[in-house]
Amino acid sequence: MFKGVIFDLDGTLVNSLEDITNAMNTVLQKHNFPTHSVLVCQSFIGHGVRELVVKALPKAYQNEKWINRCFTEMLAVYRENCTIKTKMYEGIGDLLDELTARNIKLAVFSNKADELTKKVVKAVFPEWNFEVVEGLKIEALKKPNPTVALEISKKLDLPATQLIFVGDTDVDILTAKSAGMYPIGVVWGYRTKEELLASGAKYILEHPLDLLKIL
């Protein structure tokens, strides 16, 4: 029934929390703004880097001037440090091996900037073939907008109904539902099982290999 899987990146395939937090805090420290713990930054992730910057800035500085300035600086710092501590979650490699053996097509769709999404995937997953890797190019098209997910469907030459969409946030689940794909949540990411179920996840993975049960 299912012939392809689209994965979210951060919190689903890779744990990138430390690299993202460190880059954000580097920018905040530069301007003598309060920094944030890894746990707090975790709650900011999922809607793209720009939204992360907005949430990380002090309320009084959440204006276009400071958002644009810190967004540019954040991208510059993170670009140079996005693969230092970022690594795939335990069990992901085994899952990708199994999916590859079953000729399941693989893709990545992230709200992380496109350039950085491709850089992380290339660095962390050199052994596997993701046929399509898409990050954020146009702010208006970020998840949960289903446009890019549907474009990936066309590039994979598979109808949306034959695609599983795996993610760790409500944004991913809502994207999958809007695109007509099968929405699956993971518990090892940046959001809770309850949030994923409330947003409409049809299945929750406790371990990456649990995905094989759906196939």
Side-chain angles (χ1 to χ4, degrees), residues 4-21 23-24 41-55 71 74-75 77-89 92 95-96 99 105-126 128-156 160 163-179 181 183-186 188-191 195-196 199 201 205 208 211:
V5 182
I6 300 175
F7 291 97
D8 168 53
L9 184 59
D10 302 283
T12 301
L13 288 175
V14 301
N15 185 344
S16 51
L17 205 47
E18 278 192 83
D19 284 338
I20 291 172
T21 302
M24 189 70 253
C41 265
Q42 178 174 322
S43 69
F44 296 163
I45 296 172
H47 296 267
V49 176
R50 187 178 178 83
E51 190 67 23
L52 164 70
V53 170
V54 173
K55 292 175 178 175
F71 173 63
M74 166 64 179
L75 284 181
V77 174
Y78 185 59
R79 185 180 293 116
E80 297 303 315
N81 302 280
C82 64
T83 58
I84 293 176
K85 295 190 175 180
T86 293
K87 57 185 183 294
M88 74 176 86
Y89 287 102
I92 290 295
L95 172 62
L96 296 177
L99 295 176
K105 294 185 176 184
L106 307 175
V108 172
F109 177 24
S110 172
N111 271 346
K112 187 197 291 288
D114 186 62
E115 170 203 353
L116 302 176
T117 297
K118 288 178 167 63
K119 183 173 181 177
V120 170
V121 171
K122 185 178 180 181
V124 181
F125 301 101
W128 295 278
N129 176 38
F130 288 95
E131 292 190 30
V132 185
V133 177
E134 293 284 353
L136 186 62
K137 296 172 186 168
I138 301 169
E139 193 72 19
L141 295 183
K142 71 181 179 183
K143 298 180 288 187
N145 187 318
T147 302
V148 177
L150 292 170
E151 287 174 359
I152 293 173
S153 172
K154 287 180 183 175
K155 288 178 181 177
L156 293 176
L163 288 167
I164 291 172
F165 197 113
V166 182
D168 69 309
T169 71
D170 60 335
V171 173
D172 299 306
I173 303 305
L174 295 172
T175 305
K177 288 169 64 180
S178 296
M181 299 170 183
I184 290 182
V186 307
W188 57 80
Y190 304 156
R191 298 291 186 276
E195 179 179 318
L196 293 165
S199 56
L205 305 182
L211 182 61

**Q** Rounded at 0.5 Å granularity, tell me how far CG in Leu174 sits from CG in Asn145.
**A**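 It is 12.0 Å, given to the nearest 0.5 Å.
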**Q** Can you tell if the side chain of Val5 reaches within under 4.5 Å of the side chain of Lys105, non-hydrogen atoms only?
**A**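 No; the side chains remain at least 4.5 Å from each other.
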**Q** Determine whether a donor-acceptor pair (N or O, by modelled atom type, separation under 3.5 Å) exists between the side chain of Thr175 and the backbone of Pro146.
**A**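 Flag not set: sc Thr175 to bb Pro146 has no pair under 3.5 Å.
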**Q** Which residues satisfy the side chain to side chain donor-acceptor pair (under 3.5 Å) test with Trp188, sequence neighbours excluded?
**A**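 Side chain to side chain donor-acceptor pair (under 3.5 Å) check on Trp188 returns nothing, list empty.
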**Q** Could you pull out the closest heavy-atom pair between Ala123 and Thr83, with the gap in Å?
**A**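 Heavy atoms only, the tightest pair is CB-CG2, 3.7 Å.
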**Q** Report all side-chain donor-acceptor pairs from residues 45-55 shorter than 3.5 Å, counting only partners two or more places apart or in another chain.
**A**
unit_1, atom_1, unit_2, atom_2, d
Arg50, NH1, Asn68, OD1, 2.9
Arg50, NH2, Glu64, OE1, 3.0
Arg50, NH2, Asn68, OD1, 2.9

**Q** Please round to the nearest 0.5 Å and tell me the distance separating atom CG of Leu136 and atom CZ of Phe109.
**A**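 If I round to the nearest 0.5 Å, the distance is 7.5 Å.
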**Q** Consider side chain to side chain contact (heavy atoms under 4.5 Å, CB included). Of Ile164, Ile173, Leu196, Asp172, which one does Pro183 pass it with?
**A**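 Exactly one pass, corresponding to Ile173.
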**Q** Decide yes or no for Asp168 and Phe7: does some side-chain heavy atom of the first lie under 4.5 Å from some side-chain heavy atom of the second?
**A**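 They are not in side-chain contact.
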**Q** Let me confirm one number: the OH-OG1 distance from Tyr89 to Thr12, rounded to the nearest 0.5 Å.
**A**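 If we round to the nearest 0.5 Å, Tyr89:OH and Thr12:OG1 are 7.5 Å apart.
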**Q** Any side-chain heavy-atom pair from Ile6 and Val108 closer than 4.5 angstrom?
**A**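 Counting from C-beta outward, Ile6 and Val108 never come under 4.5 Å.
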**Q** Could you walk me through whether Glu195 and Tyr190 pass the side-chain contact (heavy atoms from CB on, under 4.5 Å) test, one step at a time?
**A** CA-CA 11 Å; Glu195 179 179 318; Tyr190 304 156; over 6 Å; no
**Q** Please evaluate residues Phe165 and Ile152 with respect to the criterion side-chain contact (heavy atoms from CB on, under 4.5 Å), reporting the C-alpha separation (whole Å), side-chain torsions for both, the decisive distance (0.1 Å), and the verdict.
**A** CA-CA 11 Å; Phe165 197 113; Ile152 293 173; over 6 Å; no
**Q** Out of the candidates Leu211, Leu13, Leu205, Ile92, only one should pair with Val186 under the side chain to side chain contact (heavy atoms under 4.5 Å, CB included) rule; please name it.
**A**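 The side chain to side chain contact (heavy atoms under 4.5 Å, CB included) with Val186 is passed solely by Leu205 among Leu211, Leu13, Leu205, Ile92.
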**Q** Quick check: closest heavy atoms across Val124 and Thr86, and the distance to 0.1 Å?
**A**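 Nearest heavy atoms, Val124 then Thr86: CG2-O, 4.2 Å.
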**Q** About how many Å separate CG of Asn15 and CD of Gln42, when rounded to the nearest 0.5 Å?
**A**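 Rounded to the nearest 0.5 Å, the CD-CG separation comes out at 8.5 Å.
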**Q** If we check side chain to side chain donor-acceptor pair (under 3.5 Å) with Lys143, which of these qualifies: Thr169, Asp8, Asp170?
**A**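 Exactly one option meets the side chain to side chain donor-acceptor pair (under 3.5 Å) with Lys143, and it is Asp8.
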**Q** Can you give me the closest heavy-atom contact between Tyr78 and Leu116, atom names plus distance?
**A**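 Closest approach of Tyr78 to Leu116: CD2-CD1, 3.4 Å.
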**Q** Judged by modelled atom types alone, do Asp114 and Thr117 share a side-chain donor-acceptor pair under 3.5 Å?
**A**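 No pair is found: no donor N or O on one side chain lies under 3.5 Å from an acceptor on the other.
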**Q** Write down the atom of Ile84, the atom of Asp19, and the distance for their closest heavy-atom approach.
**A**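 Smallest interatomic distance, heavy atoms only, reads N-OD2, 3.2 Å.
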**Q** Answer yes when Glu115 and Lys118 have at least one side-chain N-carboxylate O distance shorter than 4.0 Å, and no when they do not.
**A**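 Salt bridge flag = no for Lys118 with Glu115.
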**Q** Quick one: list whatever passes side chain to side chain donor-acceptor pair (under 3.5 Å) with Asp10, sequence neighbours left out.
**A**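 Once residues adjacent in sequence are excluded, the partners of Asp10 under the side chain to side chain donor-acceptor pair (under 3.5 Å) criterion are Ser16, Lys112.
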**Q** What heavy-atom pair brings Ser43 and Arg191 nearest, and what distance separates the two atoms?
**A**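 Heavy-atom minimum between the residues: O-NH2, 3.4 Å.
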**Q** Are Glu134 and Glu151 close enough that some pair of their side-chain heavy atoms sits under 4.5 Å apart?
**A**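 Not touching, per the 4.5 Å side-chain cut-off.
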**Q** Looking only at non-hydrogen atoms, find the nearest pair between Ala179 and Ala149 and report the distance.
**A**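 Scanning both residues completely, I find the closest heavy atoms to be CB-CB, 4.1 Å.
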